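Every value quoted in this text rests on a predicted model; they were computed, and no experiment measured them.
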Amino acid sequence: FFPDDVLLRGLVKVGQLDMALQVIGEKAEQGIYKNVLHVNMLFKALIEANRLIHALKIFADMKGRGICPTLVCYNTLISGFCKVSMMDEACRLVKEMNTVGISPDLITFNTLVYGFCKAGGIVQVFVLLEEMKEKGIKPDVVTYNSLLRALLEADYPGKAQQLLTVIKDKGSSPDIITFTTIIDSLGKAGKFKQASKFFFLMINEGILPNVIACSSLIHGLCKQGHMHAATGIFEDMKRNGLTPNRVVYNTLIAGHCKAGHPDRAWSLVQEMTKSGFPKDPYTYSTLISGLAKAGQLERACEVFEEMRLAGCRPSVVVHNSLIDAYCKTGHMDIACRFFGDMEQRGLVPDVCSYNTLIAGFCRAGEVGIACSILLQMQENKCGADVISYTTIIHAFAKQGNQAEALRILLEMKKMRCAPD
RNA sequence: UCAUCUUUAAUAUUGC
């Protein structure tokens, strides 16, 4: 009864992407592509669901039927490529835009700036900024926020103050995202005092913190074990009418576990549940690893059971947590069993799964087995990273086996593996 | 007529 485009929008909104694709497939002849708004919504939803390929298929079909995509449509797909760091493809689309006579706008450039920042191409970003200048497109606070994050991550986060000044000099007003980016970077670098400083600086500049700003600061404080201060921010936010969300709760729960207070973590789990947030996959993995680290492996296993009973499929992270727990208690057999379980459950072990086992065998003095796991990774197309190599290098060094340590070190250089 | 589409910030697991 509904016009097809309204139906399409509805399906996208409730997340029925397969049905939406079906509607597109059936109605392509009848002009479903006329309402570009809803097609764009579908593209965005597909990208968010890691199904960029499906979006590209429709995109090709659309063009095949002589329909010219809009600027927003191009921007959406470019963003999709940027999110997965496929910058060559992103640039190809920009070229295509130009050939069909659509000029990239500020959002196009912002998307590309974000993409190159994420892919580590700072040089390219400055090329883009030049190009924007030539075209008379003035960077805005979004442009600067993306760049700020990349610069803080690459360089020393101590540059925050200078960069903030630069943004103002360029004529943009730092916004809550600017400050949150700074607070987050500082917090992740362990500089919680600086992070707090910028939090209050933000308030002084008349920007009211939101839940995300608070959770960033709370995370920084938790990371350094300052649970009292973190709890203080948590209380402040509630007093000021901000409702903590699951991220805030999960962050504090992880903090309490790490600080060796699973009891406090549990009472927050209760509060969270009472506030209308049932345990989510983050809560489960936080509790499982947290309880195990606090020496309560039995309780961790109970949570593992509970999550399965609740119909929450144990993720790779949950398996990794248990593998680590059993490695650290000297049960390599059980750890290996959990590793095997993953494949049986249709999960693909990630770098962290392998690294955890490698570390386990190194700790057990079985560096040879650790090396064979390293080889296994290559066979299974799972690229080893800096952690994989350094774990083994340290193990050999500890045994006094300089020759082998050096051999792995050279191999690491040769492989130019991913940094941590 | 209006509205609806695109860009930037927060949480869990591995080595030192």
Side-chain angles (χ1 to χ4, degrees), chain A residues 9 12-13 35-45 47 70-80 82-83 105-115 117-118 140-150 175-185 187-188 210-220 222 245-255 257 280-290 292-293 315-325 327-328 350-360 362-363 385-395 420:
Chain A
R9 188 183 67 170
V12 171
K13 277 210 167 151
N35 195 330
V36 288
L37 266 54
H38 301 159
V39 176
N40 289 340
M41 277 180 70
L42 175 60
F43 284 163
K44 192 189 175 200
I47 289 165
T70 60
L71 171 65
V72 172
C73 184
Y74 275 108
N75 285 345
T76 306
L77 292 171
I78 290 168
S79 166
C82 287
K83 284 196 171 123
D105 67 352
L106 176 60
I107 293 187
T108 318
F109 278 103
N110 282 346
T111 307
L112 291 169
V113 166
Y114 164 78
C117 283
K118 190 174 152 66
D140 67 357
V141 68
V142 175
T143 326
Y144 293 122
N145 286 345
S146 297
L147 189 51
L148 174 67
R149 181 182 167 79
D175 62 7
I176 191 157
I177 297 186
T178 316
F179 281 99
T180 306
T181 302
I182 294 173
I183 292 163
D184 179 56
S185 305
K188 289 197 170 125
N210 60 14
V211 176
I212 301 184
C214 293
S215 70
S216 299
L217 179 58
I218 288 173
H219 181 247
C222 286
N245 62 12
R246 34 174 30 111
V247 174
V248 174
Y249 281 108
N250 287 335
T251 306
L252 285 163
I253 290 166
C257 285
D280 70 1
Y282 280 88
T283 321
Y284 284 119
S285 57
T286 301
L287 285 172
I288 290 170
S289 76
K293 285 199 176 109
S315 61
V316 172
V317 173
V318 164
H319 282 81
N320 293 349
S321 304
L322 287 167
I323 292 169
D324 185 52
C327 283
K328 286 192 174 137
D350 64 6
V351 203
C352 187
S353 321
Y354 287 100
N355 289 350
T356 307
L357 271 189
I358 288 174
C362 284
R363 238 177 263 121
D385 65 6
V386 171
I387 296 182
S388 330
Y389 287 103
T390 54
T391 304
I392 295 182
I393 293 169
H394 277 116
D420 51 346

Open item on the list: Whether A/Lys188 contacts B/A9 is assessed here as follows: a side-chain N or O lying under 4.0 Å from the phosphate OP1 or OP2. Is that the case?
Closed with: no
Open item on the list: So A/Tyr114, base contact, sugar-phosphate only, or nothing? Heavy-atom distance under 4.0 Å.
Closed with: sugar-phosphate
Open item on the list: When you measure from the side-chain N and O atoms of A/Arg149 to the phosphate of B/A10, is any distance below 4.0 Å, counting only OP1 and OP2?
Closed with: yes
Open item on the list: Need one value for A/Asp385: base, sugar-phosphate or nothing, where a base atom within 4.0 Å counts as base even if backbone is also close, heavy atoms only.
Closed with: nothing
TODO: Quickly work out the A/Phe109 CZ to B/U7 C1' distance and round it to whole Å.
DONE: 13 Å
Open item on the list: Just to be sure I understand the rule, does A/Thr251 reach a base, reach only the sugar-phosphate, or reach nothing, if contact means heavy atoms closer than 4.0 Å?
Closed with: sugar-phosphate
Open item on the list: Does B/G15 have its OP1 or OP2 closer than 4.0 Å to a side-chain nitrogen or oxygen of A/Lys328?
Closed with: yes
- [ ] Pick base, sugar-phosphate or nothing for A/Asp280, based on heavy-atom distances below 4.0 Å to the nucleic acid.
- [x] nothing
- [ ] Could you check how far CD1 of A/Ile392 sits from P of B/C16, rounded to whole Å?
- [x] 13 Å
TODO: Verify the contact: side-chain N or O of A/Lys118 to OP1 or OP2 of B/U7, cut-off strictly under 4.0 Å; return yes or no.
DONE: no
Open item on the list: Side-chain N or O of A/Arg363 versus OP1/OP2 of B/G15: is the shortest distance under 4.0 Å?
Closed with: yes
Open item on the list: Considering every strand and a 4.0 Å limit on heavy-atom distances, what is the contact class for A/Thr286: base, sugar-phosphate, or nothing?
Closed with: sugar-phosphate
Task: Shortest side-chain distance from A/Ala359, nucleotide among B/C5, B/A9, B/G15 - done: B/G15
Open item on the list: Are A/His219 and A/Lys188 packed together at the side-chain level, in the sense that at least one heavy-atom pair is separated by less than 4.5 angstrom?
Closed with: yes
TODO: Looking at every strand, decide which applies to A/His319 at a 4.0 Å heavy-atom threshold: base, sugar-phosphate, or nothing.
DONE: nothing
- [ ] State whether the distance check finds a donor on one side and an acceptor on the other, under 3.5 Å, for side chain A/Asn245 versus base B/A10.
- [x] yes
Task: Any donor-acceptor N or O pair under 3.5 Å, side chains A/Asn320, A/Ser353 - done: yes
Open item on the list: So, under a plain 3.5 Å distance rule, would you say the side chain of A/Ser285 forms a donor-acceptor pair with the base of B/A12?
Closed with: yes
Task: hbond_proxy A/Ser215 side chain to B/A10 base (donor-acceptor, 3.5 Å cutoff) - done: yes
Task: Closest listed nucleotide, where the reference is the side chain of A/Ile107 and the choices are B/U11, B/U6, B/U4 - done: B/U6
- [ ] Answer with base, sugar-phosphate or nothing: what part of the nucleic acid does A/Asn210 contact at a heavy-atom distance below 4.0 Å?
- [x] base
- [ ] Find out whether A/Val351 and A/Ser388 are in side-chain contact, i.e. whether some heavy atom of one side chain is under 4.5 Å from a heavy atom of the other.
- [x] yes
Task: Heavy-atom side-chain proximity of A/Asp385 to A/Asp420 below 4.5 angstrom - done: no
Open item on the list: With a cut-off of less than 4.0 Å, is there a side-chain N or O of A/Lys44 near OP1 or OP2 of B/C5?
Closed with: no
TODO: Classify the nucleic acid contact of A/Ser289 as base, sugar-phosphate or nothing, counting any heavy atom under 4.0 Å across all strands shown.
DONE: sugar-phosphate
